[in-house]
Asks: 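Mind having a look at this structure? Questions to follow.
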Amino acid sequence: MNSLYWTQLESGMWKLFLAATETGLCYVGSPGAPFSELEAWAGKKLPDAVLERSDAALKRYADAVEAYLQGTARRFEVPLDMKGTAFQQAVWEELLRIPYGATCAYGDIASRIGRDSAVRAVGTAIGANPVLIVVPCHRVVGKDGSLTGYRGGMEAKEALLRLEGAPIGAMTGAVRAAR
């Protein structure tokens, strides 16, 4: 059995559960979600893992997320250990390429991975992103720039985009940069 280390981060309005394997960060929960969200995810994705609280093992990850939420960091320099299909991995890798303070549409992600007609599948893969905030799915918006679904809730998505100074509203191009 492998250990899945976890901690809880509380920073301002944010209350998040984080989890990591020996390899890297594998989970950032929905803001304000109960511990049962992490338990359910772990049971499905890492059924042989034993959940073990370790604030020390998660310190580097918690510090990185907190620095971002405090507005003092724009990038994450932490290893990730994300489990998913090849398609999900391709989508998540593309999410990591969206610059801080910018947004793009689901169709843009589909085009970038060479699957123009897979916009709905891209949306499903984005919805399965296990590492909220660090893998910035909050930067993906509707093709008209409207805010669309987010596992962490629309209030959290808007708060993250505002934190980054990202444009919210009608888009004028494939990737809109912060004003």
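Values below: all heavy atoms of this structure, side chains included; hydrogens, waters and symmetry mates excluded.
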Asks: If the condition is ring pair (Phe, Tyr, Trp, His ring centres under 6.0 Å), which residues does Tyr150 pass it with, not counting sequence neighbours?
Replies: none
Asks: Quick one: do Trp41 and Leu18 end up in the same hydrophobic cluster if we chain Ile, Leu, Val, Met, Phe, Trp and Tyr together by side-chain heavy atoms under 4.5 Å apart?
Replies: no
Asks: Test side-chain contact (heavy atoms from CB on, under 4.5 Å) on Val135 and Val28 and set out the steps.
Replies: CA-CA 9 Å; Val135 177; Val28 175; over 6 Å; no
Asks: Asn129 side chain to Ile126 main-chain N or O, any donor-acceptor pair under 3.5 Å?
Replies: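 Checked: no pair found.
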Asks: Is there a side-chain contact between Val122 and Ile113 (heavy atoms, below 4.5 Å)?
Replies: yes
Asks: Could you check whether any side-chain heavy atom of Val119 comes within less than 4.5 Å of a side-chain heavy atom of Ile109, counting everything from C-beta outward?
Replies: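 Of all side-chain heavy-atom pairs linking Ile109 with Val119, none is under 4.5 Å.
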Asks: Ignoring hydrogens and geometry, is there a side-chain-to-backbone donor-acceptor pair from Trp92 to Phe87 under 3.5 Å?
Replies: no
Asks: Grab the two heavy atoms, one from Pro130 and one from Cys26, that are nearest each other, plus how far apart they are.
Replies: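 The answer is CB-O, 3.5 Å.
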Asks: So, taking the atom named OG1 in Thr103 and the one named CD1 in Ile168, what distance separates them when rounded to the nearest 0.5 Å?
Replies: 9.0 Å
Asks: Side-chain contact, heavy-atom cut-off 4.5 Å: Pro79 with Leu25?
Replies: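 Side chain of Pro79 against side chain of Leu25, heavy atoms only: no contact under 4.5 Å found.
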Asks: Grab the two heavy atoms, one from Ala42 and one from Leu4, that are nearest each other, plus how far apart they are.
Replies: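 Minimum heavy-atom contact is CB-CD2, 3.6 Å.
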Asks: Looking only at non-hydrogen atoms, find the nearest pair between Leu132 and Gly29 and report the distance.
Replies: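 Closest pair (atom of Leu132, atom of Gly29, distance): CD1-O, 3.8 Å.
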Asks: Kindly state whether the ring of Trp6 and the ring of Tyr27 have centres lying under 6.0 angstrom apart.
Replies: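 Between Trp6 and Tyr27, the centre distance exceeds or equals 6.0 Å.
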Asks: Can you tell me how far apart CG (Leu80) and OG1 (Thr23) are? Round to the nearest 0.5 Å.
Replies: 11.0 Å
Asks: Look at the side-chain heavy atoms of Ile, Leu, Val, Met, Phe, Trp and Tyr, link any pair under 4.5 Å apart, and say whether Met13 and Leu161 land in one connected group.
Replies: yes
Asks: Could you work out, with salt bridge (charged side-chain N to carboxylate O under 4.0 Å, His left out) as the rule, every residue matching Lys83, not counting sequence neighbours?
Replies: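 Applying salt bridge (charged side-chain N to carboxylate O under 4.0 Å, His left out) to Lys83 gives Asp81.
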Asks: Taking side chain to side chain donor-acceptor pair (under 3.5 Å) as the definition, give me every residue that meets it alongside Arg74, ordered by chain and number, with sequence neighbours left out.
Replies: none
Asks: Check whether Tyr100 and Val141 end up in the same hydrophobic cluster, where Ile, Leu, Val, Met, Phe, Trp and Tyr are linked by side-chain heavy atoms less than 4.5 Å apart.
Replies: yes
Asks: About how many Å separate OG of Ser54 and NZ of Lys59, when rounded to the nearest 0.5 Å?
Replies: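 Lys59 NZ to Ser54 OG: 12.0 Å, rounded to 0.5 Å.
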Asks: Can you tell if the side chain of Asn2 reaches within under 4.5 Å of the side chain of Asp48, non-hydrogen atoms only?
Replies: no
Asks: Is it the case that the side chain of Gln88 and the backbone of Thr85 share a donor-acceptor pair, with hydrogens and angles ignored and the cut-off at 3.5 Å?
Replies: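 Between the backbone of Thr85 and the side chain of Gln88 there is a qualifying donor-acceptor contact (under 3.5 Å).
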Asks: At their closest point, which heavy atom of Gly101 faces which heavy atom of Pro167, and how far apart are they?
Replies: O-CD, 3.5 Å
Asks: Membership question, hydrophobic clusters at under 4.5 Å side-chain separation (ILVMFWY): are Val134 and Leu46 in the same one?
Replies: no
Asks: Counting only heavy atoms not in Glu39, do more than 12 sit closer than 6.0 Å to its CD atom?
Replies: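 It does: Glu39 CD has more than 12 such atoms within range.
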Asks: Going by atom types only, do Tyr68 and Glu164 share a side-chain donor-acceptor pair under 3.5 Å?
Replies: yes
Asks: With the side chain counted from C-beta on, respond yes when Leu69 and Leu16 share a heavy-atom pair under 4.5 Å apart, and no when they do not.
Replies: yes
Asks: Restricting to side chain to side chain donor-acceptor pair (under 3.5 Å), what partner residues turn up for Arg115, sequence neighbours left out?
Replies: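 Listed in chain order: nothing, the list is empty.
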Asks: Would you give the length of the straight line joining atom CG of Asp63 to atom CD of Gln70, rounded to the nearest 0.5 angstrom?
Replies: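 Rounded to the nearest 0.5 Å, the CG-CD separation comes out at 11.0 Å.
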Asks: When you measure from the side chain of Gln89 to the backbone N and O of Met82, does any donor-acceptor pair fall under 3.5 Å?
Replies: yes
Asks: Which residues satisfy the ring pair (Phe, Tyr, Trp, His ring centres under 6.0 Å) test with Trp14, sequence neighbours excluded?
Replies: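 Expected list: none.
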Asks: For Tyr5, check ring pair (Phe, Tyr, Trp, His ring centres under 6.0 Å) against everything at least two apart and list the hits.
Replies: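 None.
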Asks: Would you please name every residue forming a salt bridge (charged side-chain N to carboxylate O under 4.0 Å, His left out) with Arg120, sequence neighbours left out?
Replies: none
Asks: Holding to side chain to side chain donor-acceptor pair (under 3.5 Å), I want the full list of residues that pass it with Glu77, two or more places apart in sequence or in another chain.
Replies: Arg75
Asks: Let me confirm one number: the CG-NE2 distance from Leu163 to His138, rounded to the nearest 0.5 Å.
Replies: 8.0 Å
Asks: Among residues at least two apart in sequence or on other chains, which ones pass salt bridge (charged side-chain N to carboxylate O under 4.0 Å, His left out) with Arg53?
Replies: Asp55
Asks: Yes or no on side-chain hydrogen bond (donor to acceptor under 3.5 Å, both in side chains) for Thr148 and Tyr106, after CA distance, side-chain angles and deciding distance?
Replies: CA-CA 10 Å; Thr148 55; Tyr106 293 88; 2.8 Å; yes
Asks: Where is the tightest heavy-atom contact between Pro34 and Phe17, given as atom of each residue plus distance?
Replies: C-CE1, 3.8 Å
Asks: Write out all pairs satisfying salt bridge (charged side-chain N to carboxylate O under 4.0 Å, His left out) with one or both partners inside residues 91-102, taking only residues at least two apart or from two chains.
Replies: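 Non-adjacent pairs meeting salt bridge (charged side-chain N to carboxylate O under 4.0 Å, His left out): Glu94-Arg97, Glu94-Arg112.
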Asks: Apply side chain to side chain donor-acceptor pair (under 3.5 Å) to Ser30 and list each qualifying residue two or more places apart in sequence or on a separate chain.
Replies: Glu37, Arg151
Asks: For side-chain contact (heavy atoms from CB on, under 4.5 Å), just list the numbers for Ile133 and Phe76, CA-CA rounded to whole Å, side-chain angles, deciding distance to a tenth of an Å, and then say yes or no.
Replies: CA-CA 10 Å; Ile133 302 171; Phe76 292 97; 4.0 Å; yes
Asks: Please identify each residue that fulfils salt bridge (charged side-chain N to carboxylate O under 4.0 Å, His left out) with Glu52, with sequence neighbours left out.
Replies: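 Here no residue qualifies.
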Asks: From Leu95 CG over to Cys137 SG, what is the distance, rounded to the nearest 0.5 angstrom?
Replies: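 Reported value, rounded in 0.5 Å steps: 6.5 Å.
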Asks: Just by distance, do the side chain of Lys157 and the backbone of Val140 share a donor-acceptor pair under 3.5 Å?
Replies: yes
